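What follows is a short report on a single structure.
Since the structure is predicted, the reported quantities are computational estimates derived from the model, not experimental observations.
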Amino acid sequence: APSVPMDCLPAGLRGVLKDVEARFGTVTMVSTTELHTDNHSRGSVRHKLHAGCKAVDFKVKADVRAVTAYLRSRPEVAGINAFRNNGVIHIDYNQARRVAQR
């Protein structure tokens, strides 16, 4: 598994990930600052969010629909995307404005 830095993530995203793990089981980190999937196009908004450590891609073994429904309830999360091809869930940090569509 690739090395995925966590210290650079905003505290709000780190808290969301801890809560997801407590509710849904083990969270496997995929990407923070470096993209380790082909889910995001280079130069896209989501790629830039990752480069700035304001986004994270992760996996859980739980029902993805339940996890994404929970994530939508969290004010710290602006953008959410679940990729069926590889089971990765992307979330990005809710700043003063919406940075990516849910």
Side-chain angles (χ1 to χ4, degrees):
S3 175
V4 180
M6 295 284 295
D7 293 346
C8 63
L9 287 172
L13 281 186
R14 289 194 312 267
V16 167
L17 292 168
K18 285 180 185 177
D19 291 347
V20 166
E21 190 161 67
R23 288 176 177 260
F24 299 102
T26 302
V27 168
T28 303
M29 299 301 298
V30 176
S31 301
T32 53
T33 57
E34 298 286 330
L35 297 180
H36 298 292
T37 70
D38 59 0
N39 293 339
H40 312 299
S41 301
R42 300 251 175 229
S44 69
V45 170
R46 288 194 170 141
H47 177 234
K48 291 175 183 175
L49 288 166
H50 277 282
C53 204
K54 303 266 192 250
V56 61
D57 292 345
F58 65 95
K59 292 183 179 185
V60 292
K61 291 185 179 179
D63 177 51
V64 172
R65 287 183 188 151
V67 176
T68 56
Y70 171 70
L71 291 169
R72 283 186 180 90
S73 75
R74 296 298 299 255
E76 304 93 335
V77 177
I80 302 166
N81 202 352
F83 299 92
R84 294 180 189 225
N85 64 324
N86 57 12
V88 170
I89 299 172
H90 164 94
I91 59 174
D92 52 67
Y93 187 60
N94 189 9
Q95 296 179 20
R97 59 180 179 82
R98 287 184 67 86
V99 291
Q101 291 211 338
R102 289 184 186 219

Is there a side-chain contact between N94 and E76 in this structure, where contact means two heavy atoms from C-beta onward sitting under 4.5 Å apart? no

Quick test of your reading: applying salt bridge (charged side-chain N to carboxylate O under 4.0 Å, His left out), list the pairs with at least one residue in residues 80-90, sequence neighbours left out, ordered by first then second residue. none

Does the K59 side chain pair with the main chain of N86, one donor and one acceptor, at a distance under 3.5 Å? yes

Do any N or O atoms from the side chain of S31 and from the backbone of D57 form a donor-acceptor pair under 3.5 angstrom? no

Which is it for T26 and K61 under the side chain to side chain contact (heavy atoms under 4.5 Å, CB included) test, yes or no, and what are the steps along the way? CA-CA 7 Å; T26 302; K61 291 185 179 179; over 6 Å; no

In terms of heavy-atom contacts, P5 and T32 come closest through O-OG1, 2.8 Å

Please list every donor-acceptor pair under 3.5 Å in which a side-chain atom of residues 7-21 meets a protein atom from a residue at least two apart or in another chain.
| unit_1 | atom_1 | unit_2 | atom_2 | d |
| --- | --- | --- | --- | --- |
| R14 | NH1 | D7 | O | 3.4 |
| R14 | NH1 | L9 | O | 2.3 |
| D19 | OD2 | R74 | NH1 | 2.5 |
| D19 | OD2 | R74 | NH2 | 3.3 |
| E21 | OE2 | V27 | N | 3.0 |

Sequence-distant partners of A69, side-chain contact (heavy atoms from CB on, under 4.5 Å), two or more places apart: none

Between R72 and the options V67, V77, I80, the side-chain contact (heavy atoms from CB on, under 4.5 Å) test singles out I80

I need the minimum non-hydrogen distance between L71 and F58, along with the two atoms involved. CD1-CZ, 4.1 Å

A82 to V64 - nearest heavy-atom pair and separation: CB-CG1, 3.6 Å

Taken in chain and number order and not counting sequence neighbours, the residues that satisfy side-chain contact (heavy atoms from CB on, under 4.5 Å) with A66 are F24, D63

